[in-house]
Number of protein chains: 2
Amino acid sequence: MAGIREQKKSETKRAILAAAVKLFAEKSFDKTSIEDIAKEAGIGKTTIYGYYNKKNEIFHDFCDEELDLAFSKLKPSDCDDRPLTEKLIDFFMIQFVFVTKNREFGRQMSREMVFPCEINDKAKIHDQRYFDILENYIAAAQNRGEVSTKHDHFNMSVHFFSLYLGLLAGWYTGYLESLSQVEETMRTLFTQVLKGIEK
Amino acid sequence: MAGIREQKKSETKRAILAAAVKLFAEKSFDKTSIEDIAKEAGIGKTTIYGYYNKKNEIFHDFCDEELDLAFSKLKPSDCDDRPLTEKLIDFFMIQFVFVTKNREFGRQMSREMVFPCEINDKAKIHDQRYFDILENYIAAAQNRGEVSTKHDHFNMSVHFFSLYLGLLAGWYTGYLESLSQVEETMRTLFTQVLKGIEK
DNA sequence: GTGTAAAATCGAATGGGTTCGAGATTAAGA
DNA sequence: TCTTAATCTCGAACCCATTCGATTTTACAC
């Protein structure tokens, strides 16, 4: 029975997340205290711990919302038969721009996503969605005869995703400073995978 | 003039780092408080802030020491003419094992190294050392005619390093669970770069 | 309705990182 | 040697995440 309790509970949770989203966007994760969130949500700060065990978890939910938003901008467009490289560059550049738009937010989110505190299933679902899109692109390229069928879809996705990670790392460690530099390097690396560097 | 002041200052700094290294190893970063470190170093906890602005910075110095240790285990061995892939796998697996030996330490360190709070020059020096080794391997492989000379050394290093990052991410997100799995995937990915996935 | 167990809420307390400010120490010139 | 300004040091204070414990609210059986 969806009793009053259940209802209130999910309402409160939504209120907390809404408050957090608002404040994280206004200030930042670090500058938003649990008390701020509680006040904004109109509850006592201790109450939040009935819904989230760590401040981090709120951030996680926040990221989920943000990522949903980002994904919604990615049109599948199956009938797009541009070269794989171009499609991948579009895909990853959208991600990249989105994630790094606010430097600090992107850094925190990347940390949580790439090196999470604990292995978590919700994150895996996200990753799965990510890799599904990549595998789709790759399968299409294979059908067009652009890419060898020798390799595993998954491993190729991992490969491209790793390169994306490398670029993110380059951004945050200071090697890459402009988006055009990022895109150029991305193109170089993607070409390396396709052509191979052997011989 | 290396006055008393200078001397004392660097002595104190060394004492702090030594205390921190000891305690981080015994417990962990999170479970070691600034006060613990101060007590171990025989100073007041506020004094530490004369040497480090954030607890994180102590961890950074700690990582530097640890990485020096790890690097010291990597013999250059110029006369090693095994295939590039094998040399790279050795190189990265040593790193990987070292970094993930203690899961929590590796996670924290990776976060700091890959997505640092602020761009910092000391980190760049480390990275440089890292890439120098990789570029050496690659140059040697080019001399042996194993690898095309078309590509930039640096970009190839970045490529391999990115794949290493991807594996680390796989470890911490739970896709890779055993070292043999890591090594196998690493070999697959490295082969992809060399051969190319095209056609 | 009433009693009761489970769950939710929140004020108060804890612990740890960081800052403040006052007192101690040093460098260096007179 | 004395003075003074800069630097070091550290106890007290502050802020914030998280936990405790007591109180209130809900669900449900009788």
Side-chain angles (χ1 to χ4, degrees), chain A residues 1-24 26-63 104 108 111-112 116-118, chain B residues 1-24 26-63 104-105 107-108 111-112 116-118:
Chain A
M1 291 290 158
I4 291 176
R5 178 156 261 161
E6 297 280 320
Q7 237 174 305
K8 242 191 195 165
K9 181 139 194 179
S10 72
E11 255 172 53
T12 306
K13 183 157 192 171
R14 215 174 300 123
I16 293 172
L17 186 56
V21 168
K22 184 180 170 204
L23 296 177
F24 288 167
E26 267 175 36
K27 316 188 216 177
S28 71
F29 176 73
D30 285 328
K31 285 182 186 157
T32 302
S33 75
I34 291 279
E35 196 160 14
D36 291 339
I37 298 173
K39 214 173 291 171
E40 177 77 30
I43 58 178
K45 76 170 167 173
T46 322
T47 305
I48 290 183
Y49 286 89
Y51 298 87
Y52 294 99
N53 294 315
K54 306 257 159 206
K55 193 185 173 194
N56 248 352
E57 288 179 13
I58 308 179
F59 186 72
H60 244 116
D61 263 18
F62 170 64
C63 289
E104 190 47 25
Q108 294 265 4
R111 282 186 168 201
E112 283 297 319
C117 297
E118 47 207 16
Chain B
M1 291 291 156
I4 290 178
R5 180 155 260 162
E6 296 279 321
Q7 235 175 305
K8 241 189 196 167
K9 182 139 193 178
S10 73
E11 254 172 53
T12 307
K13 184 156 192 171
R14 215 175 298 124
I16 293 171
L17 186 56
V21 168
K22 183 180 170 205
L23 296 176
F24 288 167
E26 267 174 37
K27 317 188 214 178
S28 70
F29 176 72
D30 286 328
K31 286 183 185 155
T32 302
S33 75
I34 291 278
E35 196 159 14
D36 291 339
I37 298 173
K39 214 174 292 172
E40 176 77 29
I43 57 178
K45 78 170 168 173
T46 323
T47 305
I48 290 183
Y49 286 88
Y51 299 87
Y52 294 99
N53 295 314
K54 306 257 158 206
K55 193 184 173 194
N56 248 352
E57 288 179 12
I58 309 179
F59 186 71
H60 244 116
D61 263 17
F62 170 63
C63 288
E104 191 47 25
F105 157 73
R107 193 177 65 80
Q108 294 264 6
R111 282 185 168 203
E112 284 297 319
C117 297
E118 47 207 16

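Residue numbers begin at 1 in each chain, while the letters A, B, ... track the order of the sequences. Note that the structure is predicted; figures quoted are calculated from it, not measured.
One atom, OH of B:Tyr52, and another, P of C:dG17, lie 15 Å apart when rounded to the nearest Å. The nearest whole Å value for the distance from the CG atom in A:Asp36 to the P atom in D:dC15 is 12 Å. Taking atom CD on B:Glu35 and atom C1' on D:dC10, their separation rounds to 12 Å, with Å as the unit. Going from atom CG of A:Leu23 over to atom P of D:dA17 covers 12 Å, rounded to whole Å. We find that CZ of B:Phe59 is positioned 16 Å from C1' of C:dG17, with the value rounded to whole Å. What separates CD1 of A:Ile37 from P of D:dC16 is a distance of 12 Å, to the nearest Å. We find that OH of B:Tyr49 is positioned 17 Å from C1' of C:dG21, with the value rounded to whole Å. The nearest whole Å value for the distance from the NZ atom in B:Lys27 to the P atom in C:dG16 is 9 Å.
Within 6.0 Å of atom NZ in A:Lys31, 12 or fewer heavy atoms from other residues, nucleotides or ligands are found, so the atom counts as exposed in its surroundings.
Formation of a donor-acceptor pair under 3.5 Å by the B:Thr32 side chain with backbone atoms of B:Ser28 is found in this model. Here the side chain of B:Lys45 pairs no donor or acceptor atom with the backbone of B:Ser33 at under 3.5 angstrom.
Checking the phosphate oxygens (OP1, OP2) of C:dT9, a side-chain nitrogen or oxygen of A:Tyr51 falls inside 4.0 Å. The phosphate of C:dA8 (OP1 or OP2) has no side-chain N or O of A:Thr47 nearer than 4.0 angstrom.
Among the heavy atoms of the strands lying under 4.0 Å from B:Lys54 are primed sugar atoms or P, OP1, OP2 only; no base atom is included. Here A:Ser33 lies in heavy-atom contact (under 4.0 Å) with sugar-phosphate atoms only. Base engagement by A:Thr46 is indicated by at least one non-hydrogen atom pair under 4.0 Å involving a base atom.
Side-chain contact between A:Tyr52 and A:Phe59 is absent, with no heavy-atom pair separated by less than 4.5 Å.
B:Glu57 and B:Lys54 are not joined by a salt bridge, as no carboxylate oxygen comes within less than 4.0 angstrom of a charged side-chain nitrogen.
For C:dT18, its base sits under 3.5 Å from the side chain of B:Lys45 at one donor and acceptor pair at least.
Considering only the side chain of A:Ile43, C:dC10 comes nearest among D:dT18, C:dC10, C:dT18.
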